[in-house]
Amino acid sequence: MKKIRILALLVIVVFIAEVIMSSGTADFRRGWNSAGNSRELNFSTVDISIKAEKTVAVDSLFNSAIQQNVPCRMASMETEIQPSFVNKLIFALAIPFVFFALYGFYCMVRVVISVSRGKVFTRENVNRMRLFVYSIILLGICMETYEYLLHRDAVSQIQFSGYELTSYGLTFSWFSFLILALFTEIFAVGVKMKEEQDLTI
């Protein structure tokens, strides 16, 4: 029981750290930069991957260790674009999902408290875990759609001589989300089997 309690607390700590480090910091930086100048308030910043064309001249940077310029090429850039109406709508629709995800996180905390009190295989824990997992997945789908549309807007608006914008890559770790959903459903089946076994005794 002690191991489960420690692992549950670790899951919460790592989850908070991952959210802050992966998306929270970047979103905060974008908001800070866009608020720095009033003329930028109508635009959104976007991080995009770029690839140099074979014919483009290689840029150079000064390396202080060897006291000479060294070749370099850019692989990503941050710039401003005008988001489409659909993208703004998706962003607005994400707000209720944020609150739903916060409630899901609260449910996960309740699971940890329940486990620490020795109540593990209960129907309440199944419902709480489902609320946590599927609220995070719904928010992820919404934000992934937003990032994809932002990338699509960037491709249609930006012209950068000598470089081309690379294809869109997924922002979130969907494999982790699906594994979490799978284990939640396995846990739900285990609880159902336990309830059936308790009835037969």
Side-chain angles (χ1 to χ4, degrees), residues 1-31 46-49 76 83 86-152 166-201:
M1 189 62 67
K2 188 176 180 181
K3 289 181 180 178
I4 294 176
R5 190 182 308 170
I6 293 171
L7 282 173
L9 289 172
L10 263 174
V11 165
I12 291 176
V13 171
V14 171
F15 176 76
I16 292 173
E18 190 175 278
V19 167
I20 291 173
M21 296 301 292
S22 64
S23 60
T25 305
D27 292 339
F28 176 78
R29 188 178 69 247
R30 286 182 189 176
V46 58
D47 297 312
I48 49 177
S49 299
S76 65
V86 175
N87 209 352
K88 291 178 180 178
L89 183 63
I90 292 292
F91 187 77
L93 290 174
I95 295 173
F97 289 113
V98 170
F99 290 107
F100 186 42
L102 287 173
Y103 179 70
F105 181 73
Y106 165 76
C107 289
M108 186 62 191
V109 173
R110 291 289 304 274
V111 170
V112 173
I113 294 171
S114 180
V115 168
S116 66
R117 292 176 177 171
K119 299 177 181 178
V120 181
F121 298 102
T122 64
R123 180 60 54 184
E124 290 80 10
N125 281 347
V126 170
N127 294 333
R128 290 167 183 161
M129 287 179 66
R130 280 177 171 164
L131 278 168
F132 170 70
V133 171
Y134 294 116
S135 66
I136 296 298
I137 289 176
L138 283 173
L139 179 61
I141 290 171
C142 193
M143 295 311 296
E144 193 76 65
T145 304
Y146 172 77
E147 291 293 336
Y148 169 74
L149 292 174
L150 207 61
H151 182 272
R152 192 184 66 176
T166 59
S167 58
Y168 178 76
L170 292 175
T171 305
F172 298 98
S173 177
W174 289 102
F175 178 75
S176 300
F177 288 163
L178 292 175
I179 287 292
L180 197 57
L182 174 64
F183 281 111
T184 298
E185 294 305 321
I186 291 173
F187 179 76
V189 171
V191 169
K192 185 177 180 181
M193 290 174 66
K194 178 182 177 297
E195 289 175 348
E196 291 175 353
Q197 186 178 13
D198 290 343
L199 289 172
T200 57
I201 295 176

Taking all heavy atoms of R128 and all of S114, pick out the closest pair and write down the distance. NH1-CB, 3.8 Å
Would you call F100 and L138 a side-chain contact if the rule is heavy atoms closer than 4.5 Å? yes
L139 and A94: which non-hydrogen atoms are nearest, and at how many Å? CD1-O, 4.0 Å
With sequence neighbours left out, write down each residue that passes side-chain hydrogen bond (donor to acceptor under 3.5 Å, both in side chains) with Y148, or none if nothing qualifies. none
Quick one: does K88's side chain get under 4.5 Å of F91's, heavy atoms only? no
Can you confirm whether Y168 sits close enough to E147 that some side-chain heavy atom of one is under 4.5 Å from a side-chain heavy atom of the other? yes
Can you list the residues that meet the side-chain hydrogen bond (donor to acceptor under 3.5 Å, both in side chains) rule with Y134, with sequence neighbours excluded? E185
Is there a side-chain contact between W174 and I137 (heavy atoms, below 4.5 Å)? yes
Atom CZ of residue position F105 - does it have more than 12 heavy atoms of other residues, nucleotides or ligands inside 6.0 Å? yes
Can you list everything that forms a side-chain contact (heavy atoms from CB on, under 4.5 Å) with T122? Sequence neighbours excluded, please. K119, E124, N125
Nearest-0.5 Å distance, CE of residue M108 to CD1 of residue I136: 10.5 Å
Listing request: all salt bridge (Lys or Arg N to Asp or Glu O under 4.0 Å) pairs with a residue in residues 172-184, at least two apart in sequence or in separate chains. none
Heavy-atom closest pair, residues A188 and V126: CB-CG1, 3.6 Å
Any sub-3.5 Å donor-acceptor pair from T145's side-chain atoms to I141's backbone N or O? yes
Roughly how far, to the nearest 0.5 Å, is the OG1 atom of T184 from the CG atom of N127? 11.5 Å
Does the side-chain contact (heavy atoms from CB on, under 4.5 Å) test come out yes or no for L180 and F132, once each step is laid out? CA-CA 10 Å; L180 197 57; F132 170 70; 4.0 Å; yes
With sequence neighbours left out, the residues meeting salt bridge (charged side-chain N to carboxylate O under 4.0 Å, His left out) with K192 are none
Among residues at least two apart in sequence or on other chains, which ones pass salt bridge (charged side-chain N to carboxylate O under 4.0 Å, His left out) with R123? E195
Tightest non-hydrogen contact, residues L149 and I90, listed as CD1-CG1, 3.9 Å
